[in-house]
**Q** 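If you scroll down you'll find the structure; I have some questions about it.
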Amino acid sequence: MITVSIFGVGLIGGSIALCLKGKPGIKVIGFSNRPASVEKYLQRGVVDEGTTSVQEAAEAADFIFLCVPVGMMQEYLDQINTFNLKKGCIVTDVGSTKSSVTTYAETLKLSNAVFIGGHPMAGSERTGVEAASYHLLENAFYVLTPSDSATPESVERLTELLSHTRANIVKVDAESHDDIVGAISHLPHIIAVALVNQVRGYNEHNGLYESLAAGGFRDITRIASGDPALWRDILIDNRQVLLKLLRDWKSEMEGFAKMLEEMDGVGIEQSFRTAGDFRSRMPERRKGMIHSVYDCYVDVPDHPGIIGRIATELGNNRINLSNLQIIESREDVPGVLRLSFRTQDDLDGAIALLDRTGYAVHQ
């Protein structure tokens, strides 16, 4: 029997637990220091056993998943290193920064155990064990950052266990991981927050900024609504990478400012063209750090009951609609009605259905 202990059974930890629980020869233990959380894990059937004892969870485990905030990783590594871990125990994490925790684990020299950094690159707008899903990691990239002390055999054991998540396992060094993720996830979050706060400042003198920002602006800055404490820890932990990226970003913005000052229309056009070409090569349906939004926009006439008819049509065809919004500010938004879904399959089904019934649908 392989025992897997998960510290922090939330969105990611809970999704990993659901992928492993019930598999032949695998037992999943969920740890929380709050008894109510352990009870919730058990009631929802996410884990086989639950405990509020760090030592109990650690010493029983063949694999330990640290699914706790980045700022708490070192504290948990310190704790579990005082226990009598099973010989050959593999300790891994799910944090979105890898260099600091990998370096710390190497310095700590875990007794009887090996540390292999991990980062499942999938997420959701929802949080907590209630949002955990058996399908969350399917087809997502799951990055492993093994250090020099991790043997090929230990990496293979962890890779084999993670095959139950149906994720695509990628192995890179921790520094490369932090460089890449800093650019494609951490920097965009900073830009979104700064942009929203810039507009918020303008709005203090003219409330129309907030009113007119309800369309495309709200869509492109949605990641500014991330958990403040979570992002505080991530950005501080990856600060050296981000300081370089921010200097590069400043240079990009200065380039745009220069083109505007010189009325360089050709340069502006070329910037949009090269960006569009690169963006078009990116896979549309690949799960990534910034969770996908399954939205479409529908042009509808202002007739009584039209919205109800669309919702009813979707329901009759077993297509789950998660949210519906009437768009008033339609700058860059190709429709008056925004329909949101939880999965790509529901979105695809809705588009096909609405198209067949004569509605103009846009993505």
Side-chain angles (χ1 to χ4, degrees), residues 96-99 119 121-123 125 139-141 143 168 170 172-199 202 209 212-226 231 234-235 238-297 327 329-335 338 344 347-348 351 360-363:
S96 66
T97 55
K98 296 271 68 77
S99 294
H119 179 201
M121 296 181 66
E125 73 279 6
N139 297 323
F141 284 118
V143 182
N168 297 302
V170 177
V172 300
D173 64 271
E175 291 76 15
S176 295
H177 168 276
D178 288 358
D179 287 343
I180 295 168
V181 171
I184 66 173
S185 174
H186 303 168
L187 178 63
H189 279 80
I190 291 175
I191 293 169
V193 168
L195 182 56
V196 170
N197 281 329
Q198 181 176 339
V199 172
Y202 299 152
Y209 280 92
L212 299 182
F217 181 84
R218 192 175 190 278
D219 287 348
I220 64 173
T221 58
R222 63 186 175 83
I223 57 176
S225 298
W231 279 101
I234 291 172
L235 298 184
N238 206 25
R239 62 191 177 279
Q240 295 304 325
V241 168
L242 287 168
L243 286 169
K244 177 186 179 301
L245 290 170
L246 285 168
R247 287 192 289 269
D248 292 344
W249 175 253
K250 181 181 178 182
S251 177
E252 288 286 335
M253 291 301 96
E254 287 173 347
F256 253 100
K258 183 179 180 182
M259 287 189 287
L260 290 171
E261 289 169 353
E262 298 176 354
M263 294 189 292
D264 182 4
V266 174
I268 293 171
E269 185 178 344
Q270 184 60 31
S271 292
F272 273 83
R273 182 176 294 110
T274 55
D277 289 345
F278 181 70
R279 185 177 183 276
S280 68
R281 301 204 304 268
M282 299 178 186
E284 292 186 13
R285 301 193 180 190
R286 175 75 68 185
K287 294 180 180 179
M289 281 286 297
I290 300 175
H291 68 266
S292 299
V293 175
Y294 305 108
D295 289 353
C296 66
Y297 298 87
I327 305 296
S329 177
R330 295 184 58 191
E331 181 76 11
D332 296 326
V333 176
R338 179 195 283 125
Q344 185 70 52
L347 174 59
D348 291 343
I351 292 173
V361 186
H362 312 273
Q363 282 187 273

**Q** So which atom in Gly182 and which in Pro188 form the shortest heavy-atom distance, rounded to 0.1 Å?
**A**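 Result for this residue pair: O-CD, 4.2 Å.
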**Q** Between atom CE of Met121 and atom CD1 of Ile184, what is the distance when rounded to the nearest 0.5 Å?
**A**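 Met121 atom CE to Ile184 atom CD1 measures 4.0 Å (nearest 0.5 Å).
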**Q** For Val196, which residues count as a side-chain contact (heavy atoms from CB on, under 4.5 Å) partner, sequence neighbours excluded?
**A**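 Counting only residues at least two positions away or on another chain, Val196 forms a side-chain contact (heavy atoms from CB on, under 4.5 Å) with Phe217, Thr221, Ala224.
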**Q** When rounded to the nearest 0.5 angstrom, what is the spacing between CZ in Arg247 and CG in Leu242?
**A**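 Rounded to the nearest 0.5 Å, the CZ-CG separation comes to 10.5 Å.
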**Q** Would you compute the distance between atom CD1 of Ile190 and atom NE2 of His186 and round it to the nearest 0.5 angstrom?
**A**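 Between Ile190 CD1 and His186 NE2, I get 9.0 Å after rounding to 0.5 Å.
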**Q** On a heavy-atom basis, which atom in Ala192 and which in Ile223 lie closest, and how many Å separate them?
**A**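 Smallest heavy-atom distance, with atoms named: CB-CG1, 3.6 Å.
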**Q** For Phe256, check ring-ring contact (aromatic ring centres under 6.0 Å, His included) against everything at least two apart and list the hits.
**A**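 Partners of Phe256 by the ring-ring contact (aromatic ring centres under 6.0 Å, His included) criterion come out as none, since no residue qualifies.
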**Q** Would you check if Val181 and Thr97 make a side-chain contact, meaning some heavy-atom pair closer than 4.5 Å?
**A**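 In short, these two side chains do not touch, never coming nearer than 4.5 Å.
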**Q** Determine yes or no for a side-chain-to-main-chain donor-acceptor pair under 3.5 angstrom, with Asn168 supplying the side chain and Asn139 the backbone.
**A**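 Yes, Asn168 side chain to Asn139 backbone: donor-acceptor pair under 3.5 Å.
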**Q** If you round to the nearest 0.5 Å, how far is CH2 of Trp231 from OG of Ser96?
**A**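 It is 5.5 Å, given to the nearest 0.5 Å.
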**Q** Is the shortest heavy-atom distance from the side chain of Val241 to the side chain of Leu187 under 4.5 Å?
**A**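 Sidechains of Leu187 and Val241: no contact.
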**Q** Enumerate the side-chain hydrogen bond (donor to acceptor under 3.5 Å, both in side chains) contacts for residues 268-277, please, sequence neighbours excluded, ordered by first and then second residue.
**A**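 Residue pairs passing side-chain hydrogen bond (donor to acceptor under 3.5 Å, both in side chains), neighbours aside: Glu269-Arg273, Gln270-Arg273.
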**Q** Supply the atom-to-atom distance Lys98 NZ to Asp179 CG, rounded to the nearest 0.5 angstrom.
**A**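 Interatomic distance, Lys98 NZ to Asp179 CG, rounded to 0.5 Å: 14.0 Å.
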**Q** Let me confirm one number: the CD1-CG distance from Ile191 to Leu246, rounded to the nearest 0.5 Å.
**A**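 It comes to 7.5 Å.
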